[in-house]
Amino acid sequence: MEYNFLDIEKKWQAYWAKNKTYQVNIDPSKPKYYVLDMFPYPSGAGLHVGHPLGYIASDIYSRFKRLQGFNVLHPMGYDAFGLPAEQYAIQTGQHPATTTEKNIARYREQMDRIGFSYDWSREVRTCDPEYYKWTQWAFLKMFGHWYNKQTQKAEPIDSLVAKFETEGNANVDAACGDVEVFTADQWRSFDKKVQSDILMKYRIAYQGETSVNWCPALGTVLANDEVKEGFSVRGGHPVEQKKMKQWQLRVSAYAERLLSDLEELDWTDSLKEMQRNWIGKSQGAEMIFKVSNGTQEYDVTIFTTRADTVFGVTFMVLAPESEWVELLTTPEQKGAVEEYLQKAKKKTERERMAETKKVTGVFSGSYGINPLTGEKVPVWISEYVLAGYGTGAIMAVPAHDSRDYAFAKHFDLPIVPLIEGCDISEESFDAKEGFMCNSGFLNGMTVAEAIPAAIDRVEEMGIGKRKVNYRLRDAIFSRQRYWGEPFPVYFQDGVATPMPESELPLELPQVDKFLPTEAGEPPLARAKDWKYDGFPIEMSTMPGFAGSSAYYLRYMDPHNSEALVSKEADEYWRNVDLYIGGTEHATGHLIYSRFWNKFLYDLGYVCEKEPFKKLINQGMIQGRSNFVYRIKNTNTFVSYGLKDQYDTTEIHVDVNIVDHDRLDMEAFRNWMPDFANAEFILEDGEYICGWAVEKMSKSMFNVVNPDNVCNDYGADTLRMYEMFLGPLEQSKPWDTKGIDGVHRFLRKLWRLYFKGDEYLVKDQKGTPAEMKVLHKLIKKVQTDIEAFSFNTSVSAFMIAINELSELKCCSKEVLEQIVILLSPFAPHISEELWEALGHQESVTFASFPKYVEGYTVEDTFDYPVSFNGKMRFKLTLSKSLSPKEVEAAVLADGNTAKYLAGGSVKKVIVVPSKIINIVC
RNA sequence: GCUCGAGUGGUGGAAUAGGUAGACACGCAGGACUUAAAAUCCUGUGGACAGCAAUGUCCGUACGGGUUCGAUUCCCGUCUCGAGCACCA
């Protein structure tokens with residue numbers, strides 16, 4: 001029997017499906033382990049070789065954990081709502097559900113060929129009404145709750161209303177928008193609309209006017225993490241700032257918990273750091289400056305992290321969008337200010353970013369009073385102050401802040417140094433070091449001492465207090481699109497009202513077109529009868545991250561129609577033990593999901609406060625592109641080595657018609673009509689292509705399809721090769737030519753069991769030499785898998801199989817365990833060999849072998865030797881030598897001695913009071 | 001600009017509580033078996049120098065320093081690449 005991978009893989013994939021080998025159920029007698037992949041968005045292009053990398057790693061780990069006796073939950077599903085399907089629908093008129101369905105079928109087919117051990121009975125799709133029912137349900141819960149800062153958790157909105165009715169809102173410490181203080185009597189006197197507007201400012205899911213990232217080309221708003229450098233992540237269209245009324249999630253309320261709970265997570269430092277930066281905690285103080293516009297005085301609150309520099313304030317700055325601007329602009333400055341505001345408003349986000357170094361601003365006409373010095377300072381308006389951070393107003397200290405410095409230089413404002421000996425002639429001194437000067441009672445202190453001292457004084461004076469600010473903003477939750485979850489909310493006389501939970505799911509309505517209406521309303525405005533009880537239903541839909549925020553919970557209990565997840569399932573599976581996916585979700589999905597989980601935790605629906613215990617970011621697999629070189633204005637192509645002798649253009653060539661960088665010239669002529677008559681200038685009779693590592697994409701003609709690899713080499717080879725390529729977390733280029741080595745390994749393995757039709761395995765014990773190879777391998781594979789170092793374990797397999805081949809190993813005892821060890825990596829061939837060894841049941845249900853320490857250690861001999869009568873050494877030798885010989889070796893040359901005793905020892909290294917290596 | 005991470009043969013990459021640098025694999029070169037090819041197997045393969053040879057010597061982990069008997073590994077500085085954030089007061 002030859003190693004016929006095509007038949008073998010087909011056979012076992014069918015077997016697993018038929019026997020439901022990987023279906024799991026709650027089993028309290030076994031420890032659980034939950035391994036999750038970030039579910040894919042099923043795009044029309046299908047999977048390329050890079051996509052399954054993480055899935056293969058998680059599959060290996062899942063299979064490993066099963067062998068160790070864990071009850072492993074390893075599900076898969078589809079993040080199926082999203083822009084590409086909708087854009088395709090706009091172009092073709094096809095319903096997004098149709099294309100999505102088709103793409104999912106294709107993904108499934110491709111995944112099945114690789115032999116994953118998913119429990120497909122638990123599959124979820126975010127676009128399935130039975131699934132998004134629970135997305136909508138969570139939204140309703142968020143709508144029905146507020147965040148109590150005193151208890152640091154979400155509480156029902158009814159409890160808030162009860163408080164308002166009895167004592168007003170003065171003692172309510174909530175994460176909320178700007179609300180005036182009112183008494184219980186006032187509250188009761190408000191009409192329904194006013195009450196509803198006030199409550200809206202407290203809700204965790206709320207509707208509010210805010211500056212949003214508006215993408216005209218896509219006709220929708222986008223979240224901060226969906227925008228990169230002023231362009232949409234999907235499609236790369238320009239994005240501008242616009243004020244709009246939008247649904248939002250009060251993620252900011254959870255900022256502190258999202259930050260502090262990072263500590264207990266087993267994530268990479270870099271990923272935690274990214275989240276910390278995104279949350280952006282900064283400790284400082286708020287301070288009140290009296291500001292007068294000549295006729296009236298106002299209290300303007302500013303935020304600063306450098307309270308110590310208050311003696312160096314020479315001006316103040318307001319954000320253009322700040323509400324103070326209108327109040328503080330004097331009649332004389334009105335014209336200039338308005339002109340400036342107009343200009344600033346017109347700029348897109350992109351332009352603002354491109355001009356960050358350009359200093360712009362305008363004087364308001366008002367003056368503020370420095371509360372500590374009593375000095376009068378001018379109040380300016382400038383774009384460099386952001387309305388959305390802090391209070392939208394700052395005290396400017398040009399000597400110690402580079403932005404203030406640039407502004408002061410540009411508008412010729414005074415600069416007062418506050419730190420002894422600092423040089424501020426060319427740039428500001430931003431470092432927090434040195435001793436204070438020109439600073440009244442702070443003089444002589446270090447910066448570290450002065451900051452708290454200054455805040456203490458400000459608090460004593462009652463003109464400010466300590467304050468922590470976060471950069472994390474609330475998530476904008478509506479999208480003006482069709483292909484997403486509808487909001488289960490309708491508007492009764494302008495009051496947003498939640499639908500009853502019994503109405504869920506609120507299904508997406510049919511529409512004639514997927515475009516916004518001519519009036520600029522979202523596509524849902526096209527739906528007939530988009531009404532509830534005669535009232536209009538919200539027309540935007542939820543963003544992509546809505547459906548992906550709690551999918552890991554749904555896998556625990558995917559068919560439950562009564563709850564997102566039953567108590568029993570939640571308490572058994574708890575949370576994800578191992579999560580594998582790309583780093584691109586660091587500040588999006590992984591923040592939202594944590595927020596969502598914490599919210600449900602507050603409400604008691606889930607029992608763990610963090611969703612993903614351990615997280616690994618797999619690297620990207622890049623493409624390896626090939627090039628041909630066309631001599632300009634001809635149809636002649638010159639080989640790589642000779643291209644410098646001509647004036648050439650580099651052209652991407654399909655990697656599938658190139659083998660080992662040698663071009664198949666006939667295939668090239670047939671590839672595209674343009675090249676039908678191509679002529680070649682060869683070196684040594686071959687056309688050699690150039691190459692480069694680039695992103696794997698259609699336009700670079702470097703896409704390698706996993707189906708082709710499975711056809712040519714088999715899924716087991718693909719799986720092992722992807723792991724062999726390099727460390728999981730590292731980006732690395734795909735290069736098909738290296739795959740032969742892994743394939744050869746599998747064939748060599750096969751030949752240990754079969755030679756032609758002859759079955760070689762004998763029912764006998766392993767020899768000591770064979771047992772040593774086996775147990776070293778067991779130890780290596782186990783520690784490597786536990787450390788996610790899959791590339792080195794593949795190497796270890798290769799070495800072990802080479803050694804066993806050399807030993808002509810035919811022991812059933814040894815070869816059986818080899819199969820178990822290999823089964824996480826190459827499940828198909830393992831099943832086949834396992835069956836050949838006489839087992840009825842799948843190798844999935846075997847147990848992971850235990851190594852015996854005695855077999856895994858080198859043969860060593862310890863010699864206590866004293867040297868120079870002073871030092872004492874312990875030598876570890878790999879060959880037996882007499883103490884005399886060893887002593888001679890050490891004495892031969894003090895520290896680095898050389899000893900040639902019959903060729904058994906080459907080098908002796910002696911380290912005082914340490915172990916010494918002797919190499920044979 | 002700030003914050004992380006990384007730089008090792010022709011290629012992908014091994015090896016760090018400091019101890020034979022280049023495991024394993026690809027590629028390349030040579031050989032065996034074949035009419036031939038495929039497949040398989042064997043040998044060599046960082047660089048320089050010396051030798052008929054076994055072998056030996058020196059240089060080598062981005063660059064420059066430091067600690068150490070000993071540094072790819074630890075420390076300081078420089079350069080390059082990658083990722084993230086970016087007027088966050």
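First the proteins, then the strands, lettered A, B, ... as listed; each starts at 1. These numbers come from the heavy atoms of this one structure, side chains and all, not from hydrogens, waters or symmetry mates.
Looking at residues two or more places apart in sequence or on another chain, you find no ring pair (Phe, Tyr, Trp, His ring centres under 6.0 Å) involving A:Phe724. For A:Trp278, the ring pair (Phe, Tyr, Trp, His ring centres under 6.0 Å) criterion is met by no residue, not counting sequence neighbours.
Straight-line distance between the C1' atoms of B:G84 and B:G13: roughly 26 Å, to the nearest whole Å. The same atom, P, is picked in B:G30 and in B:G82; the two are 39 Å apart, to the nearest Å. For the C1' atom pair drawn from B:G46 and B:A23, the interatomic distance equals 15 Å after rounding to whole Å. As rounded to the nearest Å, B:A54 and B:G65 have P atoms that lie 36 Å from one another.
Residue A:Trp278 is the one, among A:Trp278 and A:Arg473, whose nearest nucleotide of RNA chain B lies closer to the 5' end (criterion: closest heavy atom). Mapping A:Ile799 and A:Phe303 onto RNA chain B by nearest heavy atom places A:Ile799 closer to the 5' end of the strand.
Regarding A:Asp740, its CG atom lies at a distance of 15 Å from the C1' atom of B:C24, rounded to whole Å. B:G84 atom P lies 7 Å from atom CE of A:Met274, rounded to whole Å. The separation between A:Ile801 atom CD1 and B:A25 atom C1' is 16 Å, rounded to whole Å. With rounding to whole Å, A:Tyr389 atom OH is found 7 Å from B:A89 atom C1'. Following rounding to the nearest Å, A:Arg471 (CZ) and B:C87 (P) show an atom-to-atom distance of 9 Å.
Only A:Gly741, A:Arg744, A:Arg747, A:Lys748, listed by number, bring a heavy atom of residues 741-749 of chain A to less than 4.0 angstrom from any atom of RNA chain B.
Going from atom CZ of A:Arg747 over to atom NE2 of A:His743 covers 4.0 Å, rounded to the nearest 0.5 Å.
Ring planes of A:Phe411 and A:Phe407: tilted class, angle from 30 to 60°.
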- prompt: Which string of ( ) [ ] | and . matches RNA chain B, if you list each base 5' to 3' and count Watson-Crick or G-U pairs only when both distances are under 3.5 Å?
  reply: (((((((..(((......[....)))((((((.......))))))(((((....)))))..(((((..]....))))))))))))....

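By the 4.5 Å heavy-atom criterion applied to side chains, A:Phe797 and A:Lys780 are not counted as neighbours.
Using modelled atom types, one finds a donor on one side chain and an acceptor on the other under 3.5 Å when comparing A:Thr360 with A:Glu383.
Applying the 6.0 Å contact sphere to CD of A:Glu786 captures more than 12 heavy atoms from other residues, nucleotides or ligands. Shown here is A:Glu323, whose CD atom has no more than 12 heavy atoms of other residues, nucleotides or ligands within 6.0 Å.
Applying the salt bridge (Lys or Arg N to Asp or Glu O under 4.0 Å) rule to pairs touching residues 717-741 of chain A yields A:Asp59-A:Arg719, A:Arg624-A:Asp735, sequence neighbours excluded.
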- line: Each nucleotide of nucleotides 4-14 of chain B classed B (base within 4.0 Å of a protein heavy atom), S (only sugar-phosphate) or -, in 5' to 3' order, makes S-------BSS

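With a glycosidic angle no more than 90° from 0, B:G9 adopts the syn conformation.
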